[in-house]
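All heavy atoms count here, side chains included; hydrogens, waters and symmetry mates do not. Reminder, nothing fancy here: chain letters follow the sequence lines and each chain counts from 1.
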Amino acid sequence: MSKEQITSLIEESIRAAIGEGKLPPVEPGRIELDRPKRKEHGDWATNVALAVAGRVGMNSRDVAAIIAESIKPAPDIISRVEVAGPGFINFHLAPAFVRSILYEVAEKGKKFGMSDVGAGRKVQVEFVSANPVGPLHVGHGRWAALGDALASVMSHAGYNIEREYYVNDYGTQMLNFGLSISARYLEALGRPGELPEGGYAGQYIVDIASRIVAEHGDEYLELPESARAELFIEMEYPRMLESIMGTLERMGVVFDVWFSERELYRSGEIAEALEALEAGGKAYRKDGALWLHTTEYGDEKDRVLVRANGEPTYFASDIAYHHDKMRRGFDTIIDIWGADHHGYVPRMNASMEAMGSGAEHLEVILGQLVKLFRGGEPVTMSKRTGEIVTLDELIEEVGVDAARYFFLQRSNDSPLDFDIELAKRESPENPVFYVQYAHARICSILRYAGESGADLSDPAPGELELLQTEAEMDLLRKLAELEEIVEFCAERRVPHRLTGYAEDLASLFHAFYRDCRVITEDECMTRARVFAVRAVRQALEIVLGLIGVSAPEKM
RNA sequence: GCCCCCGUAGCUCAACUGGACAGAGCGAUAGACUUCUAAUCUAUAGGUUGCAGGUUCGAGUCCUGCCGGGGGUGCCA
């Protein structure tokens, strides 16, 4: 709010200066107004003078001085305007304006920090989408944390968000799953079994097989291999899916839609998409296969849609899937993929164009993988090797809050080194506890206030002026940043930046706690500080909620 | 070979798409509980932003070339 107001003051001032002949006619373009890094530089700063000086052939400090002089006084909002450095214009907000954020928090409650930059645009975030052929591993935890927080923060920023999980319940991976169980089934009955190429070597497959033996004995021994695999797929993948759902539920991630790949085949959407592509001249036959002309849209080579054996590729169903998403009326669809799929992006974009959807509606967020260590030794995460660390195990060891916060702390394009031993050892000093502790501390103050019989009614007009110390004002300023942070994280798709804000706010609160006693004999001061502290609690609860971490009342 | 990410304090990472003296946490050192929670706070130390050029008023950020790490480059998903 203050930002827009100040921006227009600057625009007016430039126009006025030009009108009075102090500045040559110049189009300033978009006025950049930033939060300065250093406190002495005020609450807001603009570099227009620097940007414009070169074009009008004047010294940038002189230009800054002219603009600053022409700024209309707005004492309700701004207490001071000054020129600094090479020509920055710094704005200091009026203390009363800074304090007014508290009324806003009280009024908006859980809706504080909400924005309407999203303008209700319908956006789907699809994430995790792991094949239901094994338990979720630690890497999936990262996508779960990232996708869910992104969805939450975009929702808070006024987007209309839907969370979706794409279930790959069809194709090669499924078949390998069935064949792997079949092999272990034979072994469990003392027969030689052989894992298929690309089969799953995890212990969980052995467990599944022995459970089948326990329940059904050698009932399936005489079946042909393919029929047995088929049967095991149908018996076991729903269980696996259910267990994945359970894990995600424990992570606190709730999907709106679970979309089945099989459904695309059943509904004929795949055939439909392929026909459309072929009819439109976007796909052609060669060497017995059907190819999509993706090079036409910048891909390196054309890609196969239907293999020579008649089986559609994963790419084919993905095209139908994305077409289905677009038909559901989303303005934007966001896919979160592991970086190991990044070679897939150009062809996916190409297919969006070929289907007439427009590649600009698809956004792919690539997350670097999680590298797992155990006591400094790398652990392979592949489902094909025996040892995997599951997301369930991780949650069990470090807790959901620490896990989610940890996953979200770094940018999605930085690889994450996750040492399990270290995570366990470090968990008590994980920043998540720092932020949660601030929340718990406030709750403790409020409890104490209640017990001490202090007057907890809202402060009378004017009483807020008692909030004057640096610690108090810094804290209130940080509260006012929440809306911008939400917008920033949402528009730039960088949910990890929420953690930094949470830590800043917590840190300022802890400093305030040191300097300012809340519950005192001074009733007016007590009312004012309780009011402030409640607002901070509200903001912390909101941010932690967006991150997917609990806000405990006691620790 | 080609393509995409990354390289910033001892460690893990920020730096608001080109701005002011590159910031936090952890770790280190030295302090602070008779108090609404010390899971906290305060202070100090720590840097040629991988290297070399270039672009401009101004570069961690943009361009070029190297070096190092990760990923991709399937009629796999």
Side-chain angles (χ1 to χ4, degrees), chain A residues 32 34-38 40-41 45-47 50-51 53-54 59-60 84-88 90 131 133 168 171-174 176 197-198 286-291 300-301 303-315 317-318 338-346 366-369 371 406 409-417 422 426 428-438 440-449 451-452 454 481 484-485 487-489 492 494 496-497 499-500 503-504 506-507 509-520 526 529-530 533 554-555:
Chain A
E32 267 186 58
D34 293 323
R35 296 264 183 201
K37 279 184 210 154
R38 308 179 70 81
E40 313 87 86
H41 296 144
T46 181
N47 65 352
L50 290 134
N59 175 288
S60 56
F88 290 98
N90 296 333
N131 298 335
V133 297
N168 299 119
T172 316
Q173 300 294 330
M174 277 279 116
N176 285 337
E197 204 181 318
K286 193 184 97 185
D287 304 332
L290 183 66
W291 299 71
E300 286 174 356
K301 50 175 283 197
R303 309 291 173 174
V304 172
L305 292 168
V306 181
R307 302 178 183 101
N309 67 8
E311 272 296 308
T313 58
Y314 180 81
F315 184 39
S317 53
D318 235 7
D340 55 338
H341 285 61
H342 97 253
Y344 203 75
V345 177
L366 292 173
Q368 290 291 322
L369 303 177
K371 270 193 297 175
F406 198 92
Q409 255 190 304
R410 36 188 64 56
S411 146
N412 57 282
D413 42 33
S414 295
L416 176 58
D417 283 353
L422 205 65
E426 282 189 353
E429 52 209 62
N430 190 302
V432 67
F433 296 109
Y434 181 84
V435 178
Q436 288 181 316
Y437 184 57
R441 238 182 179 178
I442 294 173
C443 291
S444 173
I445 293 172
L446 296 175
R447 271 195 305 273
Y448 178 85
E451 289 158 12
S452 71
E481 282 180 35
E484 293 155 45
I485 295 290
E487 289 178 359
F488 179 79
C489 292
R492 305 278 265 273
V494 285
H496 71 283
R497 292 287 299 279
T499 60
E503 284 164 43
D504 285 351
S507 168
F509 167 73
H510 288 309
F512 158 85
Y513 181 86
R514 178 197 68 233
D515 291 347
C516 307
R517 198 179 159 83
V518 176
I519 314 298
T520 61
T526 300
R529 286 186 172 157
V530 164
V533 137
K554 281 184 183 173
M555 286 178 77

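Straight-line distance between the C1' atoms of B:rA22 and B:rC66: roughly 25 Å, to the nearest whole Å. Spacing between B:rU35 and B:rG46 at atom C1', rounded to whole Å, works out to 34 Å. When the P atom is compared between B:rC11 and B:rC33, the two are found 35 Å apart, to the nearest whole Å. For the P atoms, the distance from B:rA15 to B:rG50 is 15 Å, rounded to whole Å. B:rG70 sits 32 Å from B:rG19 when the C1' atoms are compared, rounded to a whole Å. B:rC4 and B:rU12 have their P atoms separated by 26 Å, given to the nearest Å. Going from the P atom of B:rA39 to that of B:rG27 covers 14 Å, rounded to whole Å. Remark: the separation of the C1' atoms in B:rG58 and B:rU42 is 36 Å, to the nearest Å.
Computed from coordinates, the A:F512 CZ to B:rC36 C1' distance equals 10 Å when rounded to whole Å. A:L446 places its CG atom 15 Å from the P atom of B:rC36, with the value rounded to the nearest Å. Computed from coordinates, the A:F433 CZ to B:rG25 P distance equals 18 Å when rounded to whole Å. Look at CG on A:L305: it is 15 Å from C1' on B:rC76, rounded to the nearest Å. Rounded to an integer number of Å, the gap from A:L50 CG to B:rA59 C1' is 15 Å. To the nearest angstrom, P of B:rG23 lies 18 Å from CZ of A:R35. B:rU40 atom P lies 17 Å from atom CG of A:D515, rounded to whole Å. The CG-P distance, from A:N176 to B:rC76, rounds to 12 Å in whole Å.
Applying the 90° cutoff around 0 to the glycosidic angle, B:rC26 is assigned anti. Base orientation of B:rU17: syn, the glycosidic angle falling within 90° of 0. An anti orientation is assigned to B:rC4, its glycosidic angle lying beyond 90° of 0.
In this view, A:H342 and A:L366 satisfy the side chain to side chain contact (heavy atoms under 4.5 Å, CB included) rule, not counting sequence neighbours. Among residues two or more places apart in sequence or in another chain, the side chain to side chain contact (heavy atoms under 4.5 Å, CB included) test is passed with A:N168 by A:N131, A:Y166, A:E261, A:Y314. In terms of the salt bridge (charged side-chain N to carboxylate O under 4.0 Å, His left out) criterion, A:E32 has no residue partners (sequence neighbours excluded). Listed by chain and number, the residues in a ring-ring contact (aromatic ring centres under 6.0 Å, His included) with A:Y434 are A:H510 (sequence neighbours excluded). Every residue two or more places apart in sequence or in another chain that forms a side chain to side chain contact (heavy atoms under 4.5 Å, CB included) with A:A289 is listed here: A:W291, A:V304. The side chain to side chain contact (heavy atoms under 4.5 Å, CB included) test applied to A:K301 returns A:R303, not counting sequence neighbours. Qualifying salt bridge (charged side-chain N to carboxylate O under 4.0 Å, His left out) partners for A:E197, counting only residues two or more places apart in sequence or in other chains: none. Annotation: side-chain hydrogen bond (donor to acceptor under 3.5 Å, both in side chains) contacts of A:S411 (sequence neighbours excluded): A:D413.
Contact annotation: the side chain of A:T46 never approaches that of A:D34 to less than 4.5 Å [non-hydrogen atoms, C-beta and beyond]. You'll find the side chain of A:Q409 stays beyond 4.5 Å of the side chain of A:H496, heavy atoms only.
Remark: A:Y314 is not in phosphate contact with B:rA77, judged by side-chain N or O atoms under 4.0 Å from OP1 or OP2. Not one side-chain nitrogen or oxygen of A:T172 sits closer than 4.0 Å to the OP1 or OP2 atom of B:rC76. Regarding contacts with the backbone of B:rC41, a side-chain N or O of A:Y434 is found under 4.0 angstrom from either OP1 or OP2.
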Detail all sub-3.5 Å separations between protein N/O atoms and N/O atoms belonging to nucleotides 20-22 of chain B.
residue: B:rA20; atom: OP2; partner: A:K37; partner atom: NZ; Å: 3.0
residue: B:rA20; atom: N6; partner: A:N90; partner atom: OD1; Å: 2.8
residue: B:rA20; atom: N1; partner: A:N90; partner atom: OD1; Å: 3.1
residue: B:rA20; atom: N1; partner: A:N90; partner atom: ND2; Å: 3.1
residue: B:rC21; atom: O2'; partner: A:R38; partner atom: NH1; Å: 3.4

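A:S411 comes within 4.0 angstrom of sugar-phosphate atoms only, judged by non-hydrogen atoms across all strands, and of no base. Counting non-hydrogen atoms under 4.0 angstrom, A:A440 reaches a base of the nucleic acid. Within the nucleic acid shown, A:C516 comes within 4.0 Å of at least one base atom, counting heavy atoms only.
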Between protein and nucleotides 68-75 of chain B, map the contacts as a letter string: B base, S sugar-phosphate only, - none, heavy atoms under 4.0 Å, written 5' to 3'.
---BSS-B
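Nearest approach of A:R447 to A:K554, heavy atoms of both residues: NH2-CG, 3.5 Å. Among all heavy-atom pairs drawn from A:A438 and A:A506, the shortest one is CB-CB, 3.8 Å. A pairwise comparison of heavy atoms in A:T172 and A:R307 identifies OG1-NH2, 4.3 Å as the closest pair.
Along RNA chain B, the nucleotide nearest A:R497 and the nucleotide nearest A:P312 are compared for position; the residue whose nucleotide lies closer to the 5' end is A:R497. Across the interface with RNA chain B, nearest-nucleotide mapping of A:N47 and A:Y437 shows A:N47 to be the residue nearer the 5′ end.
The A:N131 side chain lies nearest to B:rA77 when the options are B:rA77, B:rA14, B:rA39.
Looking at A:R492, its side chain comes within 3.5 Å of the base of B:rU17 through a donor and an acceptor atom.
Helical stems involving RNA chain B, defined as 3 or more consecutive Watson-Crick or G-U pairs under 3.5 Å, span B:1-7 with B:67-73, B:10-13 with B:23-26, B:28-32 with B:40-44, B:50-54 with B:62-66.
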Would you be so kind as to tabulate the donor-acceptor pairs closer than 3.5 Å made by side chains of residues 511-518 of chain A, with sequence neighbours excluded?
residue: A:R517; atom: NE; partner: A:I519; partner atom: O; Å: 3.1

